[in-house]
Amino acid sequence: MWTFVVCALLACALQQVSAATTAQESDPKFWIENGKLMLEKKSKQPLRTNQAKNVIMFLGDGMSLTTLTAARIYKGQLQNTSGESDHLSFEQFPFTGISKTYCVDSQVADSACSATAYLCGVKANIGTIGVTSKVPLGDCPLSVPDEHHVTSIMQWAQWAGKATGIVTTTRVTHASPAGTYSQIAHRDWESDEDMIVQSNGKTNLTQCEDIAKQLVTREPGRNFKVIMGGGRNNFMKKGDNSTGKRHDEDLIQNWKKDKKTRFSDKIAKYVTTRQELLETDMSQTDFVLGLFHPEHMDYRLKSDFETQPTLQEMTRNAIQLLQKEPNGFVLFVEGGLIDKAHHNTWARIALDETLEFSNAVADAVAMTSEDDTLIVVTSDHAHTMSMAGYPKRNENILGVSGTMAMDNMTYTTLSYANGPKKSYTGDDVSCHRVNVTNEDVAKKVDFSYPSLVDLDSETHGGDDVMVFARGPMSHLFTGNYEQNLIPLGMAMAAGISTNPSSTDSSSGAIAPCNSAGQTILAVLFLTFVGIIQSSL
Ligand SMILES: *[C@@H]1O[C@H](CO)[C@@H](O)[C@H](O)[C@H]1NC(C)=O
Ligand SMILES: *[C@@H]1O[C@H](CO)[C@@H](O)[C@H](O)[C@H]1NC(C)=O
Ligand SMILES: *[C@@H]1O[C@H](CO)[C@@H](O)[C@H](O)[C@H]1NC(C)=O
Ligand SMILES: *[C@@H]1O[C@H](CO)[C@@H](O)[C@H](O)[C@H]1NC(C)=O
Ligand SMILES: *[C@@H]1O[C@H](CO)[C@@H](O)[C@H](O)[C@H]1NC(C)=O
Ligand SMILES: [Zn+2]
């Protein structure tokens, strides 16, 4: 059976690919030479053991391994080239690893407990942010004691005198970015209005503050030099002509006033449109608060480019602002809408958001030096999208896979284990699968790909996610490990402590190049050389 399928596939592939590619790929030299070239590059890859001045963490929300494969094919196909052999910008980083995303009380992570792991170094309960697993979801009183709080790499960076910033395409108060600055028992408590509605009298909220308020009034959020994304409503007061949600105060005014009071000689800018952002001279700006949408920002495929900056533009501006910091910076950048699109089984939009994310990483690579800037690209959790069937080479990744199912209908290459699109119609007797064709798929950008189990919203997946790293100590991120290792690895690379007082190794600092580190390096390096030699 297998032999048959493989042979059939090979035959198909040879028929399908364009002439030039077929000619090249049918010559074994093409593959051998390509492989050797790659190995030569790998064997010369230096291990950078110096300290990182800057750290940029890129988080593709819900960017599963299948999302990466499909997005790279989509990328090539947009350019009419072979997508299968294409690559996303960060897929060329020298070191990769695999992160295990489960949370303390959940096999499959949500963005909140996951953010607590990859930003604070501690696994916690689903739906909670910046608190230990002693805090059950939605329990305000238990989230109050200091010993139930954990701190993020942003706090560690500020203790070490580094500048910090966050960029996202979601509300800046959404779970992933909130992991950089908040401690809260429920991810949905983004504004004071949300707290009243969401808690529904189930917990005593007297001692808890909403996420937006924490961002503007507490450490480390109030010291962020860059805050960019959506979610303006959570900062503005309710009013006749306002979509704002707050009851207590206008947090944008609070932010401006705070910067004026504490940093009177610095320039702080509040911007709400692409134009205002692009007109701001980042080399002359010390703080920027950019809230470009009342809620989540729009998908790139649906957004108004006049009013809304892209993730790439926000990232570029954030780096320009932070780059003048003498002690370096830690920046968190989230492509947050990959996840949102997957929840709707809008595969095309999920792939397109992944491309935009890849562009933002490419800019960060171009604007920084591998000698002093560690860039880590990863995801918080997977999704249930699979890539299936035996589509021919160069077959549209968004289309049908070309073979017939038992019911004599084709099926899409991309489909989901669950989601909001009903894949079957009819009653018990006449129940049959919906007939999906390439024409249906091409009709609209938000075509919902089919799923097996009907749910309001497609769920996350529990599979491990990739980690890609480049720059000082990037080899730390190889292997298969718990997700909470990631911020500890970034802290080690930057020589910053997870404690406030000191940066020496006796008090929690994780210095690069200690003796254990060097032994591991040596072993890693020798193993690597061994593998290369034995395979050549
Ligand atoms: C790819 O081919 C399509 C259809 O022939 C064409 O409309 C499109 O402009 C091409 N794209 C590029 C980037 O060449
Ligand atoms: C809520 O907690 C506060 C502070 O601990 C307390 O003073 C108040 O009585 C509590 N309210 C209720 C309804 O339990
Ligand atoms: C709201 O906007 C309308 C139309 O611009 C204006 O007439 C009205 O006075 C505004 N109301 C308030 C409370 O500002
Ligand atoms: C599919 O087509 C084959 C060949 O025409 C036919 O024998 C079979 O009954 C069809 N199956 C269904 C489920 O219609
Ligand atoms: C599915 O739709 C296509 C295109 O409209 C059509 O050619 C095909 O016969 C349909 N298949 C079935 C089993 O209805
Ligand atoms: Zn999600």
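Counting starts at 1 for both ligands and their atoms, in listed order.
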(message) For a quick check: using heavy atoms under 4.0 Å, what are the residues in contact with ligand 2, sorted by chain and number?
(response) N204, T206, Q207

(request) Using a strict 4.0 Å cut-off to heavy atoms of Q79, name the atoms of ligand 1 that fall inside it. (result) 13 (C)

(request) Could you verify whether a donor N or O on one side chain and an acceptor N or O on the other, from H460 and D339, lie under 3.5 Å apart? (result) yes

(message) Does this structure show an ion pair linking R300 with E353, if we count only N-O contacts that are shorter than 4.0 Å?
(response) no

(message) So, taking the atom named CZ in R232 and the one named OG1 in T272, what distance separates them when rounded to the nearest 0.5 Å?
(response) 5.5 Å

(message) Check this for me: does any side-chain nitrogen of one of K237 and E249 sit under 4.0 Å from a carboxylate oxygen of the other?
(response) no

(request) Tell me, please, if D339 has any N/O/S atom, main chain or side chain, under 2.8 Å from the Zn ion (ligand 6)? (result) yes

(request) Tell me, please, whether W189 has K245 positioned over its six-membered ring: NZ or CZ under 6.0 Å from the ring centre and within 45 degrees of its axis? (result) no

(message) Assess, by modelled atom type and distance only, whether the side chains of T315 and D363 contain a donor and an acceptor separated by less than 3.5 Å.
(response) no

(request) Report yes or no: does H342 have an N/O/S atom closer than 2.8 Å to the Zn ion (ligand 6)? (result) no

(request) Determine, for Y299 and K340, whether the Lys NZ or Arg CZ falls below 6.0 Å from the six-membered ring centre while staying within 45 degrees of the axis. (result) no

(message) Between R171 and E295 (salt bridge meaning N to carboxylate O under 4.0 Å), is one present in this structure?
(response) yes

(request) Number the atoms of ligand 1 from 1 as they appear, then name those within less than 4.0 Å of a heavy atom of N80, with their elements. (result) 1 (C), 2 (O), 3 (C), 8 (C), 10 (C), 11 (N), 12 (C), 14 (O)

(message) So, 2.8 Å as the limit: is an N/O/S atom of H343 located closer than that to the Zn ion (ligand 6)?
(response) yes

